[in-house]
Amino acid sequence: MKDSDYATKPVFVKNFMDGFKAALKNGPHAFITDFSKCDFTKMYMHFLAIREKKKEMTSEEKKRIKAQKDIDEEPYTWATIDGRREKVGNFRVEPPGLFRGRGEHPKMGKIKRRVVPEDITINIGKDAKVPEPPAGHSWKAVIHNDTATWLAGWNDVINVKDWKYVQFGATSTVKAESDQKKYEKARSLHKYIEKIRKDYKRNMMSESKEMAQLAVATYLVDKLALRAGGEKDEDLADTVGVCTLRAGHIKFMDDNVIEFDFLGKDSIQYLQQHKIDEVAYKCLQRFVQGKGPDVDIFDHVDPQKVNAHLQTLMPGLTIKVFRTYNASITLDRLLKDTKKNDTTLQKKATYDAANKEVAILCNHQKGVSKAHDAQMEKLAEKKKDLAKQVAEMKKKTDDKNQKKKLAALKERQSKLAIQMNMKEELKTVSLGTSKINYLDPRITLSWCKRHEVPPNVVFTKALIDKFHWAMDCEMEFSFVQEDAVEVKPAE
DNA sequence: CCGCCGGACTCAGAAATATCGGC
DNA sequence: AGCCGATATTTCTGAGTCCGGCG
């Protein structure tokens, strides 16, 4: 934290000092009340030294310690469900520390106390042996809820109403089945999408304010893959989704273009301009008329109402399904441009480009790494150097391998150019999130089969494990089912 | 009915850690 | 061939969505 700018934020400092003072109260250090007079350098140096020591270990030592750790943890990484022994996900409780919310979080800096066995509820089979709590401690409760999939849970110590759970890992049957169901539902949305679009286009012109707002909200969800946006408590960061968009979050530009500028999940900025449907544009103008920037645009609807309406059109349909649908069908469409005779590397580039388009659609971002500019500069140096080498090689007409060497240099040049281009283009775009959560793995795996690309070119080992249920999909798998008529994206 | 809220699960980027690849 | 910085992958935990039960 000392390396971050948290200490310059008044909210962080206040929350931290409140907790710190409470901890020091009645002790010999109760006189400490002023953050600006505190110097934590000694602690900082202490932890830095520990890190240094770790670094200095030989690789053998490191390996040995890791192996021992794996052995020690092994018993906690498995659980049996319906007679199957399956991998557990997060089996460790969260250690104490300072809470760091995302964005301008009102609780940043609060001290996160240690979670003790007395906080933990164990959920286990009636006849199973209950794990022993640490010596001298007891569990808060032991329950036998066979309708929930969590193994243990506790109330979060910062947002006390929230629960934290120990769950099965991504490779487990429960997770795999639910993942599969998610993609099947998104896939079936395709069969209803024309009906849904007709429905909202008609309803946008409804006299009923609720109906019109329902329609425009659904349109934005369909076209832009926005999140639902539920009401949030005051003690959380101020972020929005479709239903909580406020008048100040949109700007009306010429030619039915709207600029969206708001903070979404994790306080990630959504800043995009889109040309939208003319009727929807006019509706939005009507909805914000006479409203100040802080007033809700959709004051007559909420996610429950939108979802309830969606379910009159397709069973089980909710707002988030559109995100999955949109992401997957976009990948499906873009991968069709893969060239048969390309090298694996080129095919991978096509895949990454499609993945990138999905990431932009879903607004999946990442912070620019601290070293980015320096790294780019280094690559630019390399580029200059290569250019010089090429120029020199051109002069060496006496070298009988001149042609060959020149070709090799040119090859390096073009590779470097691609690398630099990619690095710059992806400096704020995060590809992983959509790969893990939004893209039907069968699209990717059937593409791998058709184009003879090994799955590990596009999926990490963990993803290959997670998507084991999709591995044997057919080569001809299509996210859009064969019997479906051709449908264009929302306009 | 409908709105509210607790509960359970999915999804999110940052940080930590492991592996890679160029000199 | 081995070191070191860059890149890839995994871990962590915070932040959403949505359902169902209750008043």
Side-chain angles (χ1 to χ4, degrees), chain A residues 1 3-4 51 54-55 59 62-63 66 69 89-95 97 99-103 105 107-108 112 115 121 123 145 147-150 153 155-165 167-170 174-175 178-179 181-182 227-233 236-237 239-244 263-268 302-308 310-311 316-324 327 359 362-367 369-372 374-376 378-379 382 412 419 422-423 426 428-438 456 459-466:
Chain A
M1 298 256 180
D3 289 325
S4 73
R51 212 183 302 171
K54 241 188 194 167
K55 248 195 212 162
S59 61
K62 282 185 197 165
K63 253 188 201 154
K66 170 85 165 63
K69 195 172 160 237
N90 57 323
F91 55 88
R92 250 184 296 261
V93 290
E94 296 169 14
F99 176 79
R100 328 153 68 144
R102 311 275 169 86
H105 200 296
K107 292 189 176 177
M108 67 170 87
K112 213 171 109 167
V115 172
T121 299
N123 186 27
N145 180 356
T147 66
T149 63
W150 55 272
N155 277 103
D156 181 36
V157 294
I158 297 293
N159 296 300
V160 191
K161 285 189 285 181
D162 285 352
W163 279 80
K164 301 278 190 171
Y165 300 98
Q167 299 257 22
F168 277 100
V174 260
K175 298 289 180 193
S178 125
D179 217 26
K181 256 166 81 183
K182 172 178 79 181
R227 295 190 188 85
E231 255 338 297
K232 290 180 74 179
D233 284 349
L236 299 169
T239 63
V240 302
V242 123
C243 293
T244 40
L263 297 183
K265 181 175 177 178
D266 291 304
S267 294
I268 297 296
D302 57 39
Q304 286 81 21
K305 284 184 186 168
V306 177
N307 286 341
L310 291 176
Q311 277 157 34
L317 183 59
T318 62
I319 292 168
K320 82 193 265 289
V321 179
F322 281 86
R323 255 170 102 73
T324 313
C362 294
N363 203 41
H364 290 144
Q365 300 190 18
K366 66 178 183 202
S369 92
K370 257 188 201 162
H372 177 85
Q375 287 165 352
M376 277 313 279
K378 255 190 190 169
L379 291 176
K382 229 167 156 183
R412 278 174 69 189
Q419 188 192 357
M422 263 306 192
K423 193 175 168 66
L426 292 178
T428 63
V429 183
S430 169
L431 300 185
T433 308
S434 50
K435 221 184 252 185
I436 298 167
N437 301 300
Y438 287 102
N456 68 5
F459 282 161
T460 64
K461 188 182 149 302
L463 280 186
I464 288 175
D465 286 347
K466 172 182 159 121

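Here is the naming used below: chain letters follow the sequence lines, and residue numbers restart at 1 for every chain. Quick note: numbers below take in every heavy atom, side chains included, and nothing from hydrogens, waters or symmetry partners.
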Open item on the list: On DNA chain B, does the nearest nucleotide to Lys382(A) precede the nearest nucleotide to Lys265(A) from the 5' side, or the other way round? Give the residue.
Closed with: Lys265(A)
TODO: Assign each of Thr147(A) and Arg102(A) to its nearest nucleotide of DNA chain B by heavy atoms, then name whichever residue's nucleotide is nearer the 5' end.
DONE: Thr147(A)
Among [options], the nucleotide that comes nearest once only the side chain of [X] is considered:
X         : options                   : result
Thr460(A) : dT7(C), dG14(C), dT9(C)   : dT9(C)
Lys175(A) : dT13(C), dT10(B), dA15(C) : dT10(B)
Ala462(A) : dA15(C), dC9(B), dT10(C)  : dT10(C)
Thr433(A) : dA15(B), dG13(B), dA8(B)  : dG13(B)
His105(A) : dT7(C), dA15(C), dA8(B)   : dA15(C)
Lys112(A) : dA6(C), dC9(B), dT13(C)   : dT13(C)
Ser178(A) : dA8(B), dT13(C), dT10(B)  : dT10(B)
Gln375(A) : dT7(C), dA14(B), dA15(C)  : dT7(C)
Trp163(A) : dG16(C), dA15(B), dG7(B)  : dG7(B)
Lys164(A) : dG14(C), dC19(C), dT17(C) : dG14(C)

Between [atom1] of [X] and [atom2] of [Y], what distance do you get to the nearest 0.5 Å?
X         : Y         : atom1 : atom2 : value
Ile319(A) : Arg227(A) : CD1   : CZ    : 12.5 Å
His105(A) : Leu236(A) : NE2   : CG    : 5.0 Å
Lys466(A) : Lys175(A) : NZ    : NZ    : 9.0 Å

TODO: Would you check, one step at a time, whether the test side chain to side chain contact (heavy atoms under 4.5 Å, CB included) holds for Val93(A) with Lys164(A)?
DONE: CA-CA 9 Å; Val93(A) 290; Lys164(A) 301 278 190 171; over 6 Å; no
TODO: Of all the heavy-atom pairs spanning Cys243(A) and Asp302(A), show the shortest one and how long it is.
DONE: SG-C, 3.7 Å
Would you classify [X] as touching base, sugar-phosphate or nothing, given that sugar-phosphate means primed atoms plus P, OP1 and OP2, and contacts are heavy atoms under 4.0 Å?
X         : result
Asp233(A) : nothing
Ile436(A) : nothing
Lys320(A) : sugar-phosphate
Asp162(A) : nothing
Gly367(A) : sugar-phosphate
Gly432(A) : nothing
Lys107(A) : nothing
Lys378(A) : sugar-phosphate
Ile268(A) : sugar-phosphate

From [atom1] of [X] over to [atom2] of [N], roughly how many Å is that when rounded to an integer?
X         : N       : atom1 : atom2 : result
Tyr165(A) : dT10(B) : OH    : P     : 12 Å
Asp266(A) : dA15(B) : CG    : C1'   : 14 Å
Lys63(A)  : dT19(B) : NZ    : C1'   : 12 Å
Lys161(A) : dA8(B)  : NZ    : P     : 16 Å
Lys370(A) : dT7(C)  : NZ    : P     : 17 Å
Gln304(A) : dG21(C) : CD    : C1'   : 14 Å
Gln311(A) : dT17(C) : CD    : C1'   : 13 Å
Asn437(A) : dG16(C) : CG    : P     : 15 Å

Open item on the list: Both Ala371(A) and Lys232(A) contact DNA chain C. Taking the nearest nucleotide for each, which residue is further toward the 5' end?
Closed with: Ala371(A)
Open item on the list: Both Ala237(A) and Arg92(A) contact DNA chain C. Taking the nearest nucleotide for each, which residue is further toward the 5' end?
Closed with: Arg92(A)
Below 4.0 angstrom from OP1 or OP2 of [N], is there any side-chain N or O of [X]?
X         : N       : value
Tyr438(A) : dA12(B) : yes
Lys461(A) : dT10(C) : no
Arg227(A) : dA12(B) : yes
Thr149(A) : dC9(B)  : yes
Lys66(A)  : dT17(B) : no
Asn123(A) : dA8(B)  : no
Asn90(A)  : dC12(C) : no
Ser430(A) : dA12(B) : no

Open item on the list: Assess, by modelled atom type and distance only, whether the side chains of Lys182(A) and Asn437(A) contain a donor and an acceptor separated by less than 3.5 Å.
Closed with: no
Task: Asn155(A)/Trp163(A) under side chain to side chain contact (heavy atoms under 4.5 Å, CB included): CA gap, chis, key distance, verdict - done: CA-CA 5 Å; Asn155(A) 277 103; Trp163(A) 279 80; 3.5 Å; yes
TODO: Could you go through the side chain to side chain contact (heavy atoms under 4.5 Å, CB included) check for Thr149(A) and Gln167(A) one step at a time?
DONE: CA-CA 7 Å; Thr149(A) 63; Gln167(A) 299 257 22; 3.2 Å; yes
